K.L.:
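Provided herewith is a single structure, encoded as structure tokens, for subsequent inquiry.
Since the model is a prediction, treat every value here as computed from it, not as a measurement. For the numbers below, each heavy atom of this structure counts, side chains included, while hydrogens, waters and symmetry mates do not.
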Amino acid sequence: MSSSTPEPKPLPPVRRYITTHDENGKAIWDTSLPVEVQGHRTGGFTMHTSYVNQNEPDHNDDKDLKSYHENLVESDVAPVSGSVLRVVDIWPGYPGILHRTGSIDYGIVIEGEVECILDDGASKTFQRGDIIIQRGTIHAWKNTGKEVARICFTLLPTPPIMIEDKELEVHHLSDFARLAEENSV
């Protein structure tokens, strides 16, 4: 974003509410975690990791909650097992970074407009309420508007993608600095 262009106003905080059971099996609201999810901004993206489940969901003895307490920030873009619920704010004026995750990603645009660009250059612009199903393809997210856009993603791991007996490369958080230099759109 150029220094002469003022930053747009940030979106409201992401709030997460989790249910659990009391000792009698009645539904209650869990209070072990703050409701407001802390966002972590890097360049044109603010990631709000809202829930991480490292394994198969197991609600017995709140095993999934205990696992999340131990892993409040995921170690990679996509989970190796389990699932990730992440809200991403995409700021205008920054390039998108072409990347591939080893996951199927269900995305719902909550605010604004965001463009998804594929590695062949094809792109589509999505608006509030649109659903995107990202199936392990190389893609980039870019906000070409003037306001911050917000997408809610659920990521589930997938087996490696094979095309003609060749495993396609998957990118990790540690790759993003290099990808930003090599593959920005």
Side-chain angles (χ1 to χ4, degrees), residues 10-91 97 99-111 114 116 126 128-141 148-162 167-177 179:
L11 294 173
V14 172
R15 294 188 308 263
R16 153 207 57 214
Y17 299 90
I18 301 171
T19 60
T20 190
H21 297 95
D22 69 11
E23 61 277 353
N24 299 313
K26 296 286 186 190
I28 61 171
W29 294 107
D30 176 73
T31 58
S32 65
L33 292 161
V35 169
E36 191 170 310
V37 178
Q38 293 299 309
H40 301 282
R41 184 169 177 187
T42 303
F45 300 92
T46 303
M47 300 207 324
H48 308 265
T49 303
S50 302
Y51 203 74
V52 177
N53 187 13
Q54 297 286 343
N55 304 300
E56 291 288 320
D58 187 349
H59 306 306
N60 294 302
D61 297 320
D62 287 334
K63 288 179 186 168
D64 61 326
L65 276 173
K66 291 173 187 167
S67 174
Y68 179 51
H69 276 277
E70 296 167 5
N71 301 285
L72 292 174
V73 176
E74 72 270 37
S75 58
D76 212 338
V77 179
V80 175
S81 62
S83 62
V84 171
L85 176 64
R86 178 184 304 127
V87 175
V88 180
D89 292 348
I90 303 173
W91 294 76
I97 301 170
H99 64 285
R100 179 195 326 271
T101 58
S103 58
I104 185 163
D105 309 347
Y106 304 116
I108 302 171
V109 179
I110 299 172
E111 291 290 338
V114 65
C116 184
F126 298 98
R128 181 192 297 188
D130 287 343
I131 296 172
I132 305 104
I133 300 164
Q134 183 55 248
R135 300 179 57 248
T137 60
I138 292 183
H139 65 286
W141 298 104
V148 179
R150 178 172 278 173
I151 307 177
C152 181
F153 290 102
T154 297
L155 286 78
L156 303 168
T158 59
I161 298 168
M162 306 293 290
E167 185 175 324
L168 300 182
E169 180 183 17
V170 170
H171 301 115
H172 303 278
L173 280 177
S174 59
D175 297 321
F176 270 67
L179 292 172

K.L.:
Would you mind telling me which of Ile131, Ile132, Ile151 makes a side-chain contact (heavy atoms from CB on, under 4.5 Å) with Ile108?
P.N.:
Ile131
K.L.:
Enter the distance from Leu65:CG to Asp58:CG here, rounded to the nearest 0.5 Å.
P.N.:
11.0 Å
K.L.:
What pair of heavy atoms forms the shortest contact from Trp29 to Tyr17, and how long is it?
P.N.:
CZ3-CB, 3.8 Å
K.L.:
Within the side chain of His99, is there an N or O that forms a donor-acceptor pair under 3.5 Å with the backbone of His139?
P.N.:
yes
K.L.:
Looking only at non-hydrogen atoms, find the nearest pair between Thr46 and His48 and report the distance.
P.N.:
CG2-NE2, 3.6 Å
K.L.:
For Pro157 versus Ser81, what's the shortest heavy-atom pair and its separation?
P.N.:
CG-CA, 3.7 Å
K.L.:
Is a side-chain N or O of His40 found less than 3.5 angstrom from the main chain of Met47, in a donor-acceptor match?
P.N.:
no
K.L.:
What heavy-atom pair brings Trp141 and Ile90 nearest, and what distance separates the two atoms?
P.N.:
CB-CD1, 3.6 Å
K.L.:
Is any side-chain heavy atom of Arg16 less than 4.5 Å from a side-chain heavy atom of Leu33?
P.N.:
yes
K.L.:
Could I get the full list of ring pair (Phe, Tyr, Trp, His ring centres under 6.0 Å) partners for Phe126, not counting sequence neighbours?
P.N.:
none
K.L.:
With Asp64, which residues qualify under salt bridge (Lys or Arg N to Asp or Glu O under 4.0 Å), at least two apart?
P.N.:
none
K.L.:
Got a second to check how far Thr49's OG1 is from Gln38's CD, nearest 0.5 Å?
P.N.:
11.0 Å
K.L.:
Going from CD1 on Ile18 to OG on Ser50, what distance comes out if it is rounded to the nearest 0.5 angstrom?
P.N.:
9.0 Å
K.L.:
Grab the two heavy atoms, one from Pro79 and one from Leu155, that are nearest each other, plus how far apart they are.
P.N.:
CG-O, 3.7 Å
K.L.:
List in chain and number order the residues that pass salt bridge (Lys or Arg N to Asp or Glu O under 4.0 Å) with Asp130, two or more places apart in sequence or in another chain; answer none if no residue qualifies.
P.N.:
none
K.L.:
Can you find a heavy atom in the side chain of Arg41 that is under 4.5 Å from one in the side chain of Trp91?
P.N.:
yes
K.L.:
Measuring from Ser67:OG to Asn53:CG, what's the distance to the nearest 0.5 Å?
P.N.:
6.0 Å
K.L.:
Can a donor-acceptor pair be found, under 3.5 Å and without considering hydrogens, that links the side chain of Arg100 to the backbone of Gly136?
P.N.:
yes
K.L.:
Looking only at atom types and distance, does a side-chain atom of Arg86 sit under 3.5 Å from a main-chain N or O of Val77, one as donor and one as acceptor?
P.N.:
yes
K.L.:
Any heavy-atom pair between the side chains of Pro10 and Val148 that's under 4.5 Å?
P.N.:
no
K.L.:
Report the distance from atom OG of Ser174 to atom CG of Leu179, rounding to the nearest 0.5 Å.
P.N.:
9.0 Å
K.L.:
Got a donor-acceptor contact below 3.5 angstrom from the Asn24 side chain to the Lys26 backbone?
P.N.:
no
K.L.:
Would you name the heavy atoms of Leu156 and Ser83 that are closest together and state the gap between them?
P.N.:
CD2-CB, 3.4 Å
K.L.:
To the nearest 0.5 Å, tell me how far Arg150 CZ sits from Leu11 CG.
P.N.:
4.5 Å
